[in-house]
Amino acid sequence: MKTQEYVLSATDVVKWYSQRVKSERFRFRSASKTVKAVDGVSLQLKAGEIMGIIGESGCGKSTLGKMLVRLESPTSGDISVHGVSSDQMLKEDQLQFRRTVQIVFQNPFDTFDPRTTIERILTDTLKLHKIGETHAERYEIAAKALEDVGLQPADDYLYRYPFELSGGQLQRISILRAMLLKPSFLVADEPVSMLDVSVRAEIIKMLKDLVKNHNTALVFISHDISTTRYISDNVSVMYLGRIIESGATDDVLHHPQHPYTKVLLSNTASIDLTEKREVITIDGEPPTPIDHGPGCYFAPRCYMAQDICLKEYPKRVEVKDNHWAACHFTQ
């Protein structure tokens with residue numbers, strides 16, 4: 001498929017940070033170390049496609065999400081939207097780019113100005129992007145959108161301030177504000193992890209319905225495999241800045257190939273109470289993403305590791321149709 005047929009295309013995207021640390025040899029000197037937050041990620045999304053990105057905290061998921069919407073600039077690599085480089089889009093029309101790509105963050109209370117009403121938040125967003133001719137028209141757009149996602153009657157919410165709403169209500173509005181602009185591409189970064197379990201399912205269903213109805217491509221970032229399984233068409237598994245397995249959700253989560261994916265799944269609770277699952281344990285915490293060695297990044301913790309794993313980073317191999325894994329021992 002040609003690049004321009006994808007809504008989003010990221011090629012060998014890298015984000016490295018330079019960190020000063022105390023020198024082990026010289027007491028009063030510091031040395032520069034490279035933090036490889038994202039280390040050569042490539043992915044592509046079509047319109048209406050939902051890709052889940054899962055992995056432990058610190059694996060680079062959120063940094064990748066911020067780069068995809070250009071809240072962070074990549075150290076190297078290319079990110080394009082509808083076949084056009086995001087660098088070029090930002091230079092030509094930054095406002096149009098911000099309308100084309102949107103992001104929803106983890107904590108809805110950090111997303112809004114607490115001194116501004118919901119009505120002002122929504123109508124100002126519409127006005128900035130020249131949606132609606134008058135304030136009355138923008139008000140009607142905002143009110144209808146609220147009622148369409150179950151916040152009824154709209155007047156009960158429009159004149160309230162963010163701190164007067166629950167986390168679930170506010171996250172609905174955060175998602176709604178992003179979707180009012182009808183973006184081509186949306187990143188949702190742990191959008192329900194801070195919410196009560198009782199409202200998570202409703203908000204995930206709302207998000208899924210909105211992006212499918214608007215044919216929006218979505219990257220859904222989460223450490224919750226069960227939620228990712230429900231919402232995603234495809235899944236990518238990240239470990240220390242790299243995607244180590246990817247493919248259709250059912251293929252990756254029911255037939256995992258990479259040892260790390262198997263570890264994650266074995267430690268995830270199943271909704272089937274009769275399912276017997278052997279838990280795979282690994283030692284230690286994920287290593288720091290600073291100056292990795294030449295081998296597989298997971299090798300120091302891997303229960304399958306052999307000498308080659310410590311010497312060579314495995315090539316990405318297609319296990320079956322569009323199911324890829326980076327492991328020396330894929331089946």
Side-chain angles (χ1 to χ4, degrees), residues 50 57 61-62 65-66 68-69 71-72 95 98-183 185-214 216 218-224 226-228 230-231:
I50 301 175
S57 297
K61 305 186 302 293
S62 293
K66 290 176 182 177
L68 294 177
V69 298
L71 293 180
E72 291 267 8
L95 191 62
R98 294 301 175 200
R99 182 171 173 175
T100 303
V101 301
Q102 284 284 303
I103 187 168
V104 175
F105 292 103
Q106 179 179 14
N107 187 351
F109 291 99
D110 290 341
T111 303
F112 301 111
D113 184 344
R115 300 163 298 179
T116 307
T117 63
I118 301 303
E119 181 261 349
R120 180 78 180 271
I121 288 168
L122 296 179
T123 57
D124 279 1
T125 299
L126 292 169
K127 183 178 180 180
L128 176 66
H129 292 276
K130 299 179 173 57
I131 300 173
E133 297 294 328
T134 64
H135 179 77
E137 186 177 344
R138 290 188 284 270
Y139 180 91
E140 288 302 317
I141 293 171
K144 183 179 185 306
L146 285 172
E147 298 202 348
D148 284 347
V149 297
L151 296 177
Q152 302 171 340
D155 286 346
D156 286 354
Y157 299 91
L158 285 168
Y159 295 107
R160 296 165 90 176
Y161 291 87
F163 60 84
E164 297 179 300
L165 301 175
S166 69
Q169 291 168 335
L170 206 55
Q171 192 65 305
R172 285 175 185 262
I173 294 170
S174 180
I175 294 168
L176 181 64
R177 180 177 64 170
M179 294 304 296
L180 276 176
L181 303 179
K182 299 180 180 178
F185 170 60
L186 175 70
V187 171
D189 187 3
E190 300 275 12
V192 296
S193 64
M194 295 191 66
L195 306 180
D196 291 341
V197 175
S198 59
V199 300
R200 289 182 185 179
E202 294 178 7
I203 291 177
I204 289 297
K205 183 179 185 303
M206 167 195 157
L207 177 60
K208 185 175 183 178
D209 289 345
L210 282 172
V211 297
K212 290 296 185 182
N213 291 340
H214 289 86
T216 302
L218 169 66
V219 165
F220 182 84
I221 297 171
S222 181
H223 64 271
D224 186 334
S226 297
T227 302
T228 306
Y230 168 75
I231 195 172

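Quick note: numbers below take in every heavy atom, side chains included, and nothing from hydrogens, waters or symmetry partners.
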Minimum heavy-atom distance Gly65-Val187, with the two atoms named: O-CG2, 3.9 Å
Could you check whether any side-chain heavy atom of Glu202 comes within less than 4.5 Å of a side-chain heavy atom of Arg172, counting everything from C-beta outward? yes
Taking all heavy atoms of Asp156 and all of Arg160, pick out the closest pair and write down the distance. O-CD, 2.5 Å
Return the set of residues passing salt bridge (charged side-chain N to carboxylate O under 4.0 Å, His left out) with Asp155 (not counting sequence neighbours), or none when no residue passes. none
Sub-4.5 Å side-chain heavy-atom contact between Arg177 and Ile121: yes
Distance, nearest 0.5 Å, that separates CG of Leu165 from CD of Gln171: 12.0 Å
For Lys66, is the NZ atom crowded, meaning more than 12 foreign heavy atoms sit under 6.0 Å from it? no
Filter on ring-ring contact (aromatic ring centres under 6.0 Å, His included), then keep only pairs touching residues 120-171, sequence neighbours left out; what's left? Tyr161-Phe163
When you measure from the side chain of Glu190 to the backbone of His223, do you find a donor-acceptor pair of N or O atoms at a distance under 3.5 Å? yes
Any heavy-atom pair between the side chains of Leu186 and Leu210 that's under 4.5 Å? no
Quick one: closest heavy-atom pair of Pro183 and Ala178, and the distance? CD-O, 3.3 Å
All heavy atoms of Gly168 vs all of Val199, minimum pair found to be CA-CG2, 4.3 Å
Is Leu180 close to Thr125 at the side-chain level, that is, under 4.5 Å between some pair of heavy atoms? no
Taking the side chain from Lys208 and the backbone from Tyr230, do they hold a donor-acceptor pair closer than 3.5 Å? yes
So, taking the atom named CG in Leu71 and the one named OG in Ser62, what distance separates them when rounded to the nearest 0.5 Å? 11.5 Å
So CZ of Arg200 and OG1 of Thr227: to nearest 0.5 Å the spacing works out to 7.0 Å
Which heavy atom of Ala143 sits nearest a heavy atom of Ala154, and at what distance? O-CB, 3.5 Å
Taking atom OG1 of Thr216 and atom CG of Leu181, what is their separation to the nearest 0.5 Å? 10.5 Å
Taking the side chain as everything from C-beta on, heavy atoms only, tell me whether Leu176 gets closer than 4.5 Å to Leu146. yes
Flag yes if more than 12 heavy atoms outside Lys212 fall under 6.0 Å of its NZ atom; otherwise flag no. yes
Does a side-chain heavy-atom distance below 4.5 Å link Val149 with Asp209? no
Can you name the salt bridge (charged side-chain N to carboxylate O under 4.0 Å, His left out) partners of Lys144, sequence neighbours left out? Asp148
Any chance you could measure Thr100, atom OG1, to Lys182, atom NZ, to the nearest 0.5 Å? 13.5 Å
Does any part of the side chain of Arg99, heavy atoms only, come nearer than 4.5 Å to the side chain of Ile131, both counted from C-beta? yes
Interatomic spacing from OG in Ser193 to CD1 in Ile221 - rounded to 0.5 Å: 11.0 Å
So do the side chains of Leu170 and Phe112 get within less than 4.5 Å of each other, counting heavy atoms only? yes
Ignoring hydrogens and geometry, is there a side-chain-to-backbone donor-acceptor pair from Gln152 to Glu147 under 3.5 Å? yes
Write down the atom of Gly132, the atom of Arg138, and the distance for their closest heavy-atom approach. O-NH1, 3.0 Å
